[in-house]
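As a basis for the values below, the full set of heavy atoms in this structure was taken, side chains included, without hydrogen atoms, waters or symmetry mates.
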Amino acid sequence: DLQKPALKDLDKLIKMRPTMWRAYALRGDTYVDAREYEKAIADINTALKLAPRPTSFMFYTRAQAYNALGQTDKSLADFKTVIELATKENDKDRLHEAYMYRGQVLYNSGDYKKAVEDLTQAITIGGLRDELILQRASAYEKLGQYDLAIADYSKLLSVNPEDESAYEKRGRLYLAAKKFDKALSDANKAISNYPGENPSRLYKFRAEVYQKMGKADLANKDLLKAKELEREQL
C-alpha cells in the first residue's frame with residue numbers, strides 16, 4: 001500500500017519526462033518493493049538504455065527481481081556486475097548488500113562454498129551481523145566443516161549471549177562430535193533463554209544428550225516434559 005502513492009507520482013513524472021532514466025530506475029525499485037517483479041525488470045531495462053552509464057543501483061534492483069522470479073543465473077550475473085560497479089563507485093554499503101544478498105542466493109541454490117565466500121566478504125565489509133553469521137555457520141555445516149560452524153556460533157554468542165537458536169545449533173554440533181558436556185551446557189542455555197511458549201523440541205534435544213551420556217532417567221523426564229508442552233498447544 002505504501003508503494004501505490006510513490007508509483008503514481010513516478011508514473012506522472014515519467015509521462016512528463018519520458019526520457020528521465022532516474023525515474024525509471026526509482027520506479028523499478030518501487031516495483032520490487034511492491035513485488036511486481038516483471039514490471040521492475042522492464043523499468044530497469046529502460047533505465048539502462050536511457051542512462052549515460054549504468055549504476056550499481058540499477059543492476060542491484062534487477063538482480064533482486066530476477067531472484068524473486070526464480071531466475072537464479074540472471075540474478076547472479078547481475079550481482080557480479082553490481083560488485084564490479086560498486087567497487088568502481090567506492091560504494092561500501094552497496095558492496096556489503098550485494099555480497100550479503102548474493103551469498104543468500106548462492107546458499108539457496110546449494111552452492112555453499114561460494115556462499116561462504118560472499119558472506120565472509122559481507123562480514124568483512126559491514127561487520128558482524130547475526131543473520132550473516134548464522135547463515136555462514138549453516139553453510140559450513142552443509143559443507144561438513146563443523147569446527148568452523150561451531151566457531152561462527154561462538155562468535156555470534158559472544159555478541160548476543162541470549163540467542164537460544166545459536167546455543168541449540170552449536171549444541172547439536174557438539175552432540176555430533178560426542179562432546180556431551182558442551183552439548184548439555186548449550187541445551188540448558190537454549191532452554192533457559194527460549195522466549196516462546198513451546199520449547200518441546202529443546203527438551204527432546206536435551207533428552208537425546210542425556211541418552212548419549214547414559215542418563216536414562218533424566219532423558220525420560222525431559223521427554224515427558226516435551227509431551228506435556230505439546231499437549232498444552234492442542
(message) Ignoring hydrogens, what is the shortest heavy-atom contact between A187 and F205? Give both atom names and the distance.
(response) CB-CE2, 3.7 Å
(request) Using the test side-chain contact (heavy atoms from CB on, under 4.5 Å), find all partners of R53 that sit at least two apart in sequence or belong to another chain. (result) none
(request) Drop me the distance from Y203's OH to L223's CG, to the nearest 0.5 angstrom. (result) 12.5 Å
(request) Taking the side chain as every heavy atom from C-beta outward, state whether D9 and L13 have any pair of such atoms under 4.5 Å apart. (result) no
(request) Search all heavy atoms of G127 against all heavy atoms of L132 and return the closest pair with its distance. (result) O-CD1, 4.5 Å
(request) List the steps, then state whether side chain to side chain donor-acceptor pair (under 3.5 Å) holds for Q3 with T30. (result) CA-CA 6 Å; Q3 290 81 31; T30 307; over 6 Å; no
(message) Measuring only between side-chain heavy atoms, which start at C-beta, is Y210 closer than 4.5 Å to N220?
(response) no
(message) Could you walk me through whether I125 and M100 satisfy the side chain to side chain contact (heavy atoms under 4.5 Å, CB included) test, starting with their C-alpha distance in whole Å, then the side-chain angles of each, then the deciding distance to 0.1 Å, before giving a yes or no?
(response) CA-CA 10 Å; I125 295 168; M100 177 177 65; over 6 Å; no
(message) Using every non-hydrogen atom in the two residues, find where I44 and G28 come nearest and quote the distance to one decimal.
(response) CD1-CA, 4.3 Å
(request) Compare all side-chain heavy atoms of W21 with those of M58 and state whether any distance is below 4.5 angstrom. (result) yes
(request) Might you point out which heavy atoms bring R27 and L10 nearest each other, and give the distance in Å? (result) CA-CD1, 3.5 Å
(request) May I ask whether L48 and L69 are part of the same hydrophobic cluster, defined by side-chain heavy atoms of I, L, V, M, F, W, Y residues being less than 4.5 angstrom apart, directly or through others? (result) no
(message) Can you tell me which residue among Q211, R206, K204 is in a side-chain hydrogen bond (donor to acceptor under 3.5 Å, both in side chains) with D222?
(response) R206
(message) Could you measure the distance from the OG atom of S192 to the CG atom of L202? Nearest 0.5 Å is fine.
(response) 10.0 Å
(message) Would a single hydrophobic cluster contain both Y167 and L148, if residues Ile, Leu, Val, Met, Phe, Trp and Tyr are joined by side-chain heavy-atom contacts under 4.5 Å?
(response) no
(request) State, yes or no, whether a side-chain contact exists between R102 and V82 at a heavy-atom distance under 4.5 Å. (result) no
(request) Answer yes or no: is there an ion pair linking E228 with R231, defined by an N-O contact shorter than 4.0 Å? (result) no
(request) Under the side chain to side chain contact (heavy atoms under 4.5 Å, CB included) rule, what do I83 and L95 come out as? Steps first, then yes or no, please. (result) CA-CA 6 Å; I83 290 167; L95 270 176; 3.8 Å; yes
(message) How long is the straight-line distance from CZ of R22 back to CZ of R17, given to the nearest 0.5 Å?
(response) 9.5 Å
(request) Give the cluster check for L229 versus L224: same hydrophobic cluster or not, with ILVMFWY residues linked at side-chain heavy-atom distances below 4.5 Å. (result) no
(request) Check whether any side-chain heavy atom of Q233 sits under 4.5 Å from a side-chain heavy atom of E197, and report yes or no. (result) yes
(message) Do Q135 and I133 have side chains that approach each other closer than 4.5 Å (heavy atoms only, starting at C-beta)?
(response) no
Only pairs under 3.5 Å count here: list side-chain donor-acceptor contacts from residues 169-184, not counting sequence neighbours, and write none if there are none.
unit_1 : atom_1 : unit_2 : atom_2 : d
R170   : NE     : D186   : OD2    : 2.7
R170   : NH1    : S154   : OG     : 3.0
R170   : NH2    : D186   : OD1    : 2.8
R170   : NH2    : D186   : OD2    : 3.4
R172   : NE     : E168   : OE2    : 3.3
R172   : NH2    : E168   : OE2    : 3.1

(request) Mark yes when over 12 heavy atoms from residues, nucleotides or ligands other than E38 sit less than 6.0 Å from its CD; otherwise mark no. (result) no
(message) Show me the pairs that pass ring pair (Phe, Tyr, Trp, His ring centres under 6.0 Å) and involve residues 96-118, at least two apart or across chains.
(response) F79-Y101, Y107-Y112
(request) Please round to the nearest 0.5 Å and tell me the distance separating atom NZ of K225 and atom NZ of K227. (result) 14.5 Å
(request) Please indicate whether E232 has more than 12 foreign heavy atoms, meaning atoms of other residues, nucleotides or ligands, lying under 6.0 Å from its CD. (result) yes
(message) Before you tell me yes or no, could you show the steps for K113 and K142 under side chain to side chain contact (heavy atoms under 4.5 Å, CB included), namely the whole-Å CA-CA distance, both residues' side-chain angles and the distance that decides it to 0.1 Å?
(response) CA-CA 9 Å; K113 183 177 180 180; K142 298 287 187 182; over 6 Å; no
(message) Please give me the minimum heavy-atom distance between A137 and A149, naming the atom from each residue.
(response) O-CB, 3.5 Å
(message) Is the shortest side-chain heavy-atom distance between Y24 and I14 below 4.5 Å?
(response) yes
(message) If I take atom CD1 from residue I123 and atom CZ from residue R136, how far apart are they, to the nearest 0.5 angstrom?
(response) 4.0 Å
(request) Please lay out, stage by stage, how E89 and T55 fare under the test side chain to side chain contact (heavy atoms under 4.5 Å, CB included). (result) CA-CA 9 Å; E89 296 162 359; T55 66; 4.1 Å; yes
(message) Between E141 and Y153, is there a side-chain donor-acceptor contact under 3.5 Å, judged purely by atom types and distance?
(response) yes
(message) Distance check, rounded to the nearest 0.5 Å: L157 atom CG versus I150 atom CD1?
(response) 11.5 Å
(message) Run the side chain to side chain donor-acceptor pair (under 3.5 Å) test on S109 and D111 for me, step by step, so that the C-alpha distance in whole Å, both residues' side-chain angles and the decisive distance to 0.1 Å come before the verdict.
(response) CA-CA 6 Å; S109 66; D111 195 339; 5.8 Å; no
(message) Does any part of the side chain of L26, heavy atoms only, come nearer than 4.5 Å to the side chain of D29, both counted from C-beta?
(response) no
(message) For V116 versus A139, what's the shortest heavy-atom pair and its separation?
(response) CG2-CB, 3.6 Å
(message) Count I, L, V, M, F, W, Y as connected when their side-chain heavy atoms are under 4.5 Å apart, and connections chain through other members. Are L50 and L85 then in the same cluster?
(response) yes
(request) Return yes if some donor-acceptor pair links the side-chain N/O of N67 with the main-chain N/O of A63 below 3.5 Å, else return no. (result) no
